[in-house]
Amino acid sequence: MRLLLLSDIHANYAALEAVLNDAHGEFDRAWVLGDTVGYGADPSECIAAVRDLDALAISGNHEEAVIGRMSTDDFNPVARAAIEWTASVIDDDEREYLQGLELKQVVDRFTLVHGSPRDPVWEYMQTGPQAVENLEHFDTQACALGHSHVPFLVQVTADGVAEQVEHSPGQRVPLGDDRLYLNPGSVGQPRDHDQRASYALLDTDAWDVEFRRAEYDVAVAQAHIREAGLPEFLAERLSMGV
Ligand code: ZN
């Protein structure tokens with residue numbers, strides 16, 4: 001099975017469209033790892049595209065806040081403004097779709113979460129010790145996650161050492177036998193100083209992954225953000241990749 005891994009689309013339809021064009025014909029199923037909405041100005045278009053893909057999607061912290069399952073008090077003012085705007089523009093059907101998303105899904109050798117297995121909503125997986133500590137919070141060999149907006153593959157060896165696996169766009173990286181964490185990066189708001197949309201193609205038969213970057217028209221996403229009256233920083237950060 002060839003899987004398209006998307007995370008943190010963040011209501012950036014220009015970026016999502018570029019990714020779908022780039023990956024066209026190369027996947028059988030899509031997994032969407034949360035934060036489809038928030039920050040950007042195209043929540044309805046992005047929800048529709050994810051539904052059209054018939055993707056297995058999970059809920060992220062932005063969905064949880066938009067549907068009111070989590071307080072916006074825990075968000076910074078810029079994120080909160082976008083969450084409140086999003087909640088005001090999506091329709092009942094879209095809200096119902098978001099309400100139906102789970103925080104965790106298990107599929108074959110993968111557990112899908114937004115943040116981390118022990119705290120699907122809030123934890124940012126950024127260090128080796130976190131990767132090791134989280135192993136007891138899921139049963140599958142692998143975990144697919146997002147939230148940090150930085151693409152990575154981390155393997156934890158049998159003797160408990162977490163190692164980042166080097167990868168470059170377009171290269172197929174074997175996943176091996178160790179337990180692992182796979183983050184495809186962010187489609188709609190990359191934070192690794194590369195403004196291009198980030199995603200991954202996972203082949204569960206070959207058991208390898210390919211990280212990819214897709215160029216998109218950043219100015220279009222920025223114009224939508226400004227037209228919606230969202231905070232200027234949300235537009236600016238897209239061209240900086242932060
Ligand atoms: Zn996010």
Side-chain angles (χ1 to χ4, degrees), residues 4-16 19 30-47 49-50 55-67 69-87 90 98 101-105 112-117 119-126 130 143-152 181-200 211 213-214 216 218 221-222 224-225 228 230-231 233-242:
L4 174 67
L5 263 63
L6 308 178
S7 191
D8 298 279
I9 296 165
H10 280 300
N12 183 340
Y13 186 66
L16 178 57
V19 164
W31 292 349
V32 177
L33 306 170
D35 282 7
T36 297
V37 300
Y39 294 137
D42 319 308
S44 298
E45 293 82 352
C46 292
I47 291 171
V50 167
L56 176 61
I58 56 172
S59 187
N61 51 316
H62 285 255
E63 280 85 11
E64 293 296 297
V66 163
I67 62 174
R69 254 190 322 229
M70 173 187 286
S71 165
T72 56
D73 295 347
D74 299 326
F75 289 80
N76 68 54
V78 167
R80 189 185 311 141
I83 286 163
E84 285 165 359
W85 177 84
T86 304
I90 61 170
L98 297 182
L101 300 177
E102 306 283 341
L103 290 174
K104 198 181 272 195
Q105 290 279 359
L112 279 53
V113 290
H114 182 61
S116 76
D119 185 354
V121 172
W122 276 122
E123 184 175 18
Y124 286 90
M125 282 282 277
Q126 284 165 322
Q130 283 177 294
C143 173
L145 42 72
H147 197 43
S148 69
H149 296 208
V150 175
F152 64 73
Y181 299 90
L182 176 55
N183 185 334
S186 169
V187 171
Q189 194 195 81
R191 293 182 190 158
D192 57 350
H193 304 279
D194 181 340
Q195 67 172 11
R196 295 173 301 168
S198 183
Y199 74 100
F211 292 90
R213 303 305 285 239
Y216 75 97
V218 174
Q222 291 174 320
H224 289 182
I225 287 170
L230 288 164
F233 176 61
L234 293 174
E236 279 171 14
R237 69 188 305 174
L238 295 181
S239 42
M240 298 184 284
V242 296

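As the structure lists them, so they are numbered: ligands from 1, and atoms in each ligand from 1.
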The Zn ion (ligand 1) to His114: any N/O/S contact under 2.8 Å? no

Hey, is the main chain of Asp8 close enough, under 3.5 Å, to the side chain of Ser186 for a donor-acceptor pair? yes

Considering just N/O/S atoms, say which atom of Asp35 is closest to the Zn ion (ligand 1). OD2

Can you check whether His224 and Tyr13 have ring centres sitting under 6.0 Å from each other? no

For the Zn ion (ligand 1), what is the closest N, O or S atom on Asp8? OD1

Mind checking whether the Zn ion (ligand 1) has an N, O or S of His10 under 2.8 Å? yes

Is the NZ or CZ atom of Arg213 both under 6.0 Å from the centre of the six-membered ring of Tyr199 and within 45° of that ring's axis? no

Check the angle between the aromatic planes of Tyr39 and His10 and answer parallel, tilted or perpendicular using the 30° and 60° thresholds. tilted

